[in-house]
Amino acid sequence: MSDQDTPIVLSDLSDEDLVVQMHDDLYDGLTNEIAEGTQILLDRGWTAYDVLQDALVEGMRIVGIDFRDGILFVPEVLLSANAMKAGMALLRPILAETGAPKVGTMVIGTVKGDIHDIGKNLVSMMMEGAGFDVIDIGVNNDVESYIEAALENNADIVGMSALLTTTMGYMRVVIDTFKQRGIRNDYAILVGGAPLNEAFAEEIGADGYCRDAAMAVEMAIKVMESRQGSAAATKLYNTG
Ligand code: B1M
């Protein structure tokens with residue numbers, strides 16, 4: 001057996017080499033190896049957030065480049081996405097662990113025509129970890145699904161995700177419909193996804209653009225602080 005045929009023992013690798021190997025394994029859609037690598041890094045004392053960012057999100061960024069350049073195709077990228085989910089499944093309970101009292105409620109989903117859900121799932125996990133109740137309505141949501149979930153769950157925040165330039169425009173439809181129904185001001189609407197930017201969020205009338213999951217948490221907490229501030233102010237006004 002030549003050196004090249006020797007199987008790689010993930011636990012023998014240094015942290016740095018393991019992370020590089022995980023990028024390769026994610027690229028190759030190797031679910032078991034991604035789960036194993038994730039667990040090894042956690043056992044070595046890495047935080048769930050660092051494993052997520054350095055090993056998984058960075059690996060998926062590399063996949064994205066070759067997908068864009070026509071080197072990888074949908075079936076291969078689906079395998080990568082599944083491998084990423086295997087790693088995320090191990091991180092989820094850690095990221096969602098919180099002793100904090102409930103901060104607020106968020107409904108989140110990917111918009112109509114769009115089935116990308118990895119980023120949305122990450123946002124959900126991080127929001128749960130920050131003490132939010134998260135109602136994840138999945139992918140391919142029309143405006144009625146957002147409205148129904150927001151009303152049913154008495155949500156504070158509605159989050160929308162879009163990964164395609166062809167689907168991001170639907171966010172405007174959702175926001176306009178909330179306005180037409182007279183419920184726009186009952187919710188903070190936060191948006192995110194790779195093709196979006198601040199200017200787009202402003203143009204469609206969202207309350208905030210979240211570049212990543214950490215920013216989504218930051219913004220959501222700010223929203224709740226200002227909501228609680230205005231609720232307290234209303235209370236003072238009503239009793240005063
Ligand atoms: Co798709 N795809 N894809 N894809 N895919 C992209 C998005 C693309 C940029 C690839 C490329 O060309 N480089 C390209 C879009 C081009 C464009 O619109 N201009 C593309 C395309 C073209 C397509 C298809 C049309 C391909 C085809 O069929 N010919 C097709 C469309 C299907 C559809 O939705 N109708 C398609 C299909 C797929 C797969 C099914 C194979 C798979 C999805 C699997 C899944 O999600 N379950 C897939 C994948 C994996 C990708 C890439 C490679 C990776 C996306 C991802 O998961 N990133 C992607 C390339 C890329 O983005 N670089 C690509 C990792 C994730 C952690 O990041 O989702 O950005 P992201 O989420 C971040 C932030 O954006 C933010 O926080 C997250 C965490 O930090 N965020 C939010 C996201 N949502 C938020 C919501 C919030 C807040 C923050 O609410 C408050």
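In listed order, ligands and their atoms are each counted from 1. Not measured: the values here are computed from a predicted model.
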* Asked: Do Val174 and Thr177 touch side chain to side chain, with heavy atoms closer than 4.5 Å?
  -> no
Side-chain donor-acceptor distances from residues 198-205 under 3.5 Å, at least two apart:
{"unit_1": "Glu203", "atom_1": "OE2", "unit_2": "Arg172", "atom_2": "NH2", "d": "2.8"}

* Mind checking what makes side-chain contact (heavy atoms from CB on, under 4.5 Å) contact with Thr31, not counting sequence neighbours? -> Ala83, Ala86
* **Tyr170 side, atom OH; Tyr146 side, atom OH - distance, nearest 0.5 Å** => 8.5 Å
* Sequence neighbours excluded, which residues qualify as side-chain contact (heavy atoms from CB on, under 4.5 Å) partners of Met88? -> Leu52, Leu56, Met84, Ile118, Asn121, Leu122, Met125
* **Nearest-0.5 Å distance, CE of residue Met60 to CD1 of residue Ile65** => 12.5 Å
Identify all N/O pairs between ligand 1 and the protein with a separation under 3.5 Å and present them as a table of atom names and distances.
{"unit_1": "ligand 1", "atom_1": "2 (N)", "unit_2": "His116", "atom_2": "NE2", "d": "3.2"}
{"unit_1": "ligand 1", "atom_1": "3 (N)", "unit_2": "His116", "atom_2": "NE2", "d": "3.1"}
{"unit_1": "ligand 1", "atom_1": "4 (N)", "unit_2": "His116", "atom_2": "NE2", "d": "2.8"}
{"unit_1": "ligand 1", "atom_1": "5 (N)", "unit_2": "His116", "atom_2": "NE2", "d": "3.1"}
{"unit_1": "ligand 1", "atom_1": "13 (N)", "unit_2": "Gly64", "atom_2": "O", "d": "3.2"}
{"unit_1": "ligand 1", "atom_1": "18 (O)", "unit_2": "Thr165", "atom_2": "N", "d": "2.9"}
{"unit_1": "ligand 1", "atom_1": "18 (O)", "unit_2": "Thr165", "atom_2": "OG1", "d": "3.2"}
{"unit_1": "ligand 1", "atom_1": "19 (N)", "unit_2": "Thr165", "atom_2": "OG1", "d": "3.3"}
{"unit_1": "ligand 1", "atom_1": "34 (O)", "unit_2": "Asp114", "atom_2": "OD1", "d": "3.4"}
{"unit_1": "ligand 1", "atom_1": "34 (O)", "unit_2": "Ile115", "atom_2": "N", "d": "2.8"}
{"unit_1": "ligand 1", "atom_1": "34 (O)", "unit_2": "His116", "atom_2": "ND1", "d": "3.4"}
{"unit_1": "ligand 1", "atom_1": "35 (N)", "unit_2": "Gly113", "atom_2": "O", "d": "2.9"}
{"unit_1": "ligand 1", "atom_1": "46 (O)", "unit_2": "Asp117", "atom_2": "N", "d": "2.8"}
{"unit_1": "ligand 1", "atom_1": "46 (O)", "unit_2": "Asp117", "atom_2": "OD1", "d": "3.2"}
{"unit_1": "ligand 1", "atom_1": "47 (N)", "unit_2": "Asp117", "atom_2": "OD1", "d": "2.7"}
{"unit_1": "ligand 1", "atom_1": "75 (O)", "unit_2": "Ala194", "atom_2": "N", "d": "3.4"}
{"unit_1": "ligand 1", "atom_1": "77 (O)", "unit_2": "Ala213", "atom_2": "N", "d": "3.4"}
{"unit_1": "ligand 1", "atom_1": "80 (O)", "unit_2": "Ala213", "atom_2": "N", "d": "3.1"}
{"unit_1": "ligand 1", "atom_1": "84 (N)", "unit_2": "Ser161", "atom_2": "OG", "d": "2.7"}

